[in-house]
A.B. asks: 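Got a structure for you, written out below as structure tokens; questions coming shortly.
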Amino acid sequence: MSDFEVLKDKACMLKIGKSDYQALRDHGEETYPHECCGVLLGRTEGEDRAVTSIVRCGNTRTDSPQNRYHIDPRELIAIERQGRERGDDIVGFYHSHPDHPARWSPTDLAEAHWIGCSYVITSVQNGVAQTTNSFVLVGKDETEKRLEDEKITVISEVAGKIAEPKRSA
Amino acid sequence: MKINIPTPLRPYAEKKDTVDVQAKTVGDALTGLTAKHPELRRHLYTDEGKLRAFVNVYLNDEDVRYLQQESTPVGEGDTISIVPSIAGGKFSS
């Protein structure tokens, strides 16, 4: 097996229902030109994460909401409690980049601390959601953490089948 | 009392989502936690032994930084939550 195949085998995936995927993109349009943010609840399946629900959060960075986001830890504690009651964990987070690509910024990496979780970013151009990408935070600790691309697989709840995201790059 | 372990730190706490400790203060509780699970120490504390800036510690729903920090007294029915911060944004300096 070549190195490429080994890497390909290890690529991570985020599975998310179509309505949750749509809802996190809609959230970015609603808060435009400000960044939106929220939490992904679900389960870890090996190297992958499966989202069972998303929870919208307020952006506490009222000083600079057009290019920064921060979730109140108290909101996070409540969400974690809510997930725990259903057997779900926090598996990731989402936010938007108004008029900016759906790629992580140096700020996104510096302020990402949940190793093993997904960070979903939606680019919102002129108020319309464009590309949505996901990155998984990997590494042993803070000194060697990095965000790696991961595939988003959108599940159609009606058919129970996998549907490719329409506007995702 | 109970300490809630966030998803990214569970691999260093035998995959547990909560750990029970006997403690009189928040500091005691965290010492008890890292004594049980020593690998957690470097994720929670700097080399100088200070709690990392991005690690929020909440006693029930209160940030201990606004209580008596690590000297905050705790009771048997209390819960401590360790919450690494969630932040970022497109901003680049």
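Within every chain, numbering begins at 1; the chains are lettered A, B, ... in the order of the sequence lines, protein sequences first and strands thereafter.
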A.B. asks: When you look at CZ of Arg74(A), are more than 12 heavy atoms from neighbouring residues, nucleotides or ligands closer to it than 6.0 Å?
C.D. replies: no
A.B. asks: Calculate, to the nearest 0.5 Å, the distance between atoms CG and CZ belonging to Asp141(A) and Arg52(B) respectively.
C.D. replies: 7.5 Å
A.B. asks: Where on Asn59(A) is there a heavy atom nearer than 4.5 Å to chain B: the side chain, the backbone, both, or neither?
C.D. replies: neither
A.B. asks: How long is the span from the NE2 atom in His43(B) to the CD atom in Glu142(A), to the nearest 0.5 Å?
C.D. replies: 9.5 Å
A.B. asks: Determine whether Ile77(A) and Val55(A) fall in the same hydrophobic cluster, where Ile, Leu, Val, Met, Phe, Trp and Tyr are linked whenever their side-chain heavy atoms lie under 4.5 Å apart.
C.D. replies: yes
A.B. asks: Among the options His95(A), His70(A), Arg61(A), Gln66(A), pick out the one with the most heavy-atom pairs lying under 4.5 Å from chain B.
C.D. replies: His70(A)
A.B. asks: Kindly compute the distance separating NZ (Lys90(B)) from CD1 (Ile121(A)), expressed to the nearest 0.5 Å.
C.D. replies: 12.0 Å
A.B. asks: Which of the residues Pro98(A), Cys117(A), Pro106(A) is involved in the greatest number of heavy-atom pairs with chain B at under 4.5 angstrom?
C.D. replies: Pro98(A)
A.B. asks: How about Glu76(B): does its CD atom have over 12 heavy atoms from other parts shown lying under 6.0 Å from it?
C.D. replies: no
A.B. asks: As an exercise, state the distance from CD1 of Ile115(A) to OH of Tyr12(B), rounded to the nearest 0.5 Å.
C.D. replies: 6.0 Å
A.B. asks: Give the minimum heavy-atom separation between Pro8(B) and Trp114(A), together with the two atoms involved.
C.D. replies: CD-CE3, 3.2 Å
A.B. asks: Check whether any side-chain heavy atom of Asn4(B) lies under 4.5 Å from a side-chain heavy atom of Arg84(A), and answer yes or no.
C.D. replies: yes
A.B. asks: Between Asp61(B) and Arg81(A) (salt bridge meaning N to carboxylate O under 4.0 Å), is one present in this structure?
C.D. replies: yes
A.B. asks: Side-chain heavy atoms under 4.5 angstrom apart, residues restricted to Ile, Leu, Val, Met, Phe, Trp, Tyr: same cluster for Met13(A) and Ile155(A)?
C.D. replies: no
A.B. asks: Report the distance from atom CD1 of Ile90(A) to atom CD1 of Ile86(B), rounding to the nearest 0.5 Å.
C.D. replies: 7.0 Å
A.B. asks: In terms of heavy-atom pairs under 4.5 Å with chain A, which of Pro84(B), Pro6(B), Pro11(B), Gly88(B) leads?
C.D. replies: Gly88(B)
A.B. asks: Any link between Phe135(A) and Val39(A) through a network of hydrophobic side chains (Ile, Leu, Val, Met, Phe, Trp, Tyr) touching at under 4.5 Å?
C.D. replies: yes
A.B. asks: Can you measure from CG (Asp17(B)) to CD (Glu80(A)) and round to the nearest 0.5 angstrom?
C.D. replies: 8.5 Å
A.B. asks: Decide whether Leu44(B) and Val83(B) are clustered together by the hydrophobic rule: side chain heavy atoms of Ile, Leu, Val, Met, Phe, Trp, Tyr closer than 4.5 Å, transitively.
C.D. replies: no
A.B. asks: Quick one: does Ser64(A)'s side chain get under 4.5 Å of Phe91(B)'s, heavy atoms only?
C.D. replies: no
A.B. asks: Mind checking whether Tyr119(A) and Val91(A) sit in one hydrophobic cluster, side chains of I, L, V, M, F, W, Y counted as touching below 4.5 Å?
C.D. replies: no
A.B. asks: Give, as side chain, backbone, both or neither, the part of Phe93(A) having an atom under 4.5 angstrom from any heavy atom of chain B.
C.D. replies: side chain
A.B. asks: Specify the closest pair of heavy atoms between Ser105(A) and Gly89(B), including all atoms of both residues, with the distance to one decimal.
C.D. replies: OG-O, 2.5 Å
A.B. asks: Does a side-chain heavy-atom distance below 4.5 Å link His113(A) with Ser85(B)?
C.D. replies: yes
